[in-house]
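Per chain, numbering begins at 1; letters A, B, ... match sequence-line order.
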Number of protein chains: 2
Amino acid sequence: MATIRDVAAAAGVSVSTASRVIAGNPATSPASRAQVTAAVKALDFRPNTQAQSLRSTRTNSLGLLVSDVRNPFFADLAHAAEQAGLDAGYVTLLGNANERVDQQDRYLNTLIQRRVDGILLTPHGDGSGAIADIVRRGIPTVFVDRTVDGVDVPTVTTDSNKGIQQAVQHLSSMGHTRIGFISGPQSTSTGRERWAAYTNALAMSSLAADVELVYFGDYQTASGAAGMQKLMNLQTPPTAVIAADSLMAMGAISCVHEMKLKIGRDVALIAFDDIEMFTLLDPSLTVVSNNVHEMGKLAVGLLIDVIGGRNPQSIVLPSELIIRSSTSSAEQAGSIITRGH
Amino acid sequence: MATIRDVAAAAGVSVSTASRVIAGNPATSPASRAQVTAAVKALDFRPNTQAQSLRSTRTNSLGLLVSDVRNPFFADLAHAAEQAGLDAGYVTLLGNANERVDQQDRYLNTLIQRRVDGILLTPHGDGSGAIADIVRRGIPTVFVDRTVDGVDVPTVTTDSNKGIQQAVQHLSSMGHTRIGFISGPQSTSTGRERWAAYTNALAMSSLAADVELVYFGDYQTASGAAGMQKLMNLQTPPTAVIAADSLMAMGAISCVHEMKLKIGRDVALIAFDDIEMFTLLDPSLTVVSNNVHEMGKLAVGLLIDVIGGRNPQSIVLPSELIIRSSTSSAEQAGSIITRGH
DNA sequence: CGATTCCATGGGAACGTTTCCACGGAACAC
DNA sequence: GTGTTCCGTGGAAACGTTCCCATGGAATCG
């Protein structure tokens, strides 16, 4: 494989000059520019990134560690972040933590070793372990979607309050008084925040809070199914359920199907996170939507700020209720304002 | 940040000895092993991967370039490949080509520069451009899902023939004679193969092939909707449709919904690619299933073989029809053998 | 016309590892 | 006792860049 030495030799200039031309340094004559450019093309020279990074201490790479790319929410996030990073000249290392702290730590360690310029993370756990390491080392980091108490890094999150409040209000206005909640794990900030938002919203709509109506899942499909089953088997089951993420909503739906019941007719359902497929369901799903794409883009922006030594403000994006058909009985479906995808 | 020099100094040994201990080289005394290990821990030393790679010419990284992680098929593939890679000590660089040759080439160039040890690729285009570059440079490469004519690298693909044949047979046995096909782009091997399989299967079931019944999409959601619309607006629309991938199937479904028609009752639908959500639709979708997880795992295995200098055989995985409810009218639904998720 | 500035250039050190080579001492065989 | 082998160790070169510094010639200024 050709090195910059070969290029310099072929162009009849020194290594320094070759390096300057390749780096776009203006302190070069048109003549050497032309010769080096020609040599680069002729030898099909590609600078060795390892050597560049070793010398310049920049790797032009970002680490993106999400819980699971198979979750459409994170897939969207990964896509948005990767594209935004690419536009800024960064390549993205993707890791899946599989909602497990040990895998997260393992991956963060790899990212430290690789000397990535910055890390984008949907954090899990309490900020000890590898998260403490990256903070201590001062590696530029931005948290996305979730935060960690006591860890002071910029974040991009969604304010679930408004959306969930709208959701409860909407259900209440449709006559629902027993509204179940399939919550995320309380070890995540989103799990805690959404549960609190739900509790608040109940109070604001003057609905009684019944602990029986809350199930604590883990943001994975299976726990959504388990939660729905538990709720529907109550002596007085809820007439409406809110699921705190898309995967648990999917699990809830499959559970309802297995019970030979129908969403919208037998039980209303609202999911947090909007994903394309929810519009295809019959009935299409009412959701609390958050702008994942924007989130990814903004997060990369913040991270680049941090890398640049600036101290950006955290960003909180709004959430919003999108009413579709899953929150009305079949008979009413026609009369509801719907918004497709 | 601590370097191996600092470690050696702290341990009271030479850099060479420190390096040996850290690398697990057996030519070390228990005494120096203990001291170096202690020093590593005390200084929280992490070897600089750039320097290691520069010297050893191995980066322990794989490049994975898929069309779009937001496509559940590729998300599954990415997850499987990433986990398999991690188990073998590799970290994965993920790229999205967005089904575009120029983005694919751009990313492949990045991977060349990064000196990844191997590349996993769902190739797009005709094997010119950057694909030719990586082959010429002898960079270990494995194609997944798709192949490229005339490019001789190991591949892991799915044999669509059996599945599509079963699909047509199944539809034919249900009395369908006009079966539409929303095809993938003919610039991809899977696009060509699945179309051919469909045509063959029609002949085997003694059904007439009508060019009107085939629409050529691009594996994206929008083209599935467009295809379905075109098919349903024919003078004699098909009574059943096969979509060549999950995204186009999703588009087709949304189109059917918009026409106020119902899958299964007004038109039967079979999708290629099984994704979890298809089991949640009402009616649940009959699919031709391929084992994505296995595909990713095997592909990484092949790639590691190639990296190791071996010359592994390409692998072809089978596809299989999974009958659910979307291929029966509502009335018949009860009598069909179904298989959940 | 001499002094100063500017600019393109080349030499060479440095980044943090790995790895080749040489060395010295202990253990062993005769 | 000498000669051979073996093993742990340290020194130093190398990987492919970037970038600081010095150099010399052209251009500019008074």
| Looking only at N and O atoms, is any donor in the side chain of B/R20 or the base of D/dG10 less than 3.5 Å from an acceptor on the other one? |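 Flag set: donor-acceptor pair detected.
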Checklist entry - If you take atom types as modelled and just measure distance, does the side chain of A/R55 reach the base of D/dT17 with a donor-acceptor pair under 3.5 Å? => result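 Result: no qualifying N/O pair found.
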Please determine whether a side-chain nitrogen or oxygen atom of [X] lies at a distance below 4.0 Å from atom OP1 or OP2 of [N].
X     : N      : value
A/T3  : D/dG16 : no
B/S29 : D/dT9  : yes
A/S19 : D/dT18 : yes

Touch class at under 4.0 angstrom, heavy-atom based, for [X] against every strand present:
X     : result
B/S16 : base
B/T17 : sugar-phosphate
A/S32 : sugar-phosphate
A/V13 : sugar-phosphate

message = Counting only heavy atoms from other residues, nucleotides and ligands, does the tally under 6.0 Å from CZ of A/R5 exceed 12?
response =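 No, CZ of A/R5 has 12 or fewer neighbouring heavy atoms, counting only those of other groups under 6.0 Å.
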Would you find more than 12 non-hydrogen atoms of other residues, nucleotides or ligands less than 6.0 Å from B/Q313 atom CD?
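No, because the 6.0 Å sphere around CD of B/Q313 holds 12 heavy atoms or fewer from other groups.
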Specify the residue among B/R46 and A/V15 whose closest nucleotide of DNA chain C lies further upstream toward the 5′ end.
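The residue whose closest nucleotide sits nearer the 5' end is A/V15.
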Out of D/dG11, C/dG10, D/dT18, whichever nucleotide has its closest atom nearest the side chain of A/S56
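Taking heavy atoms from C-beta onward, the closest nucleotide is D/dT18.
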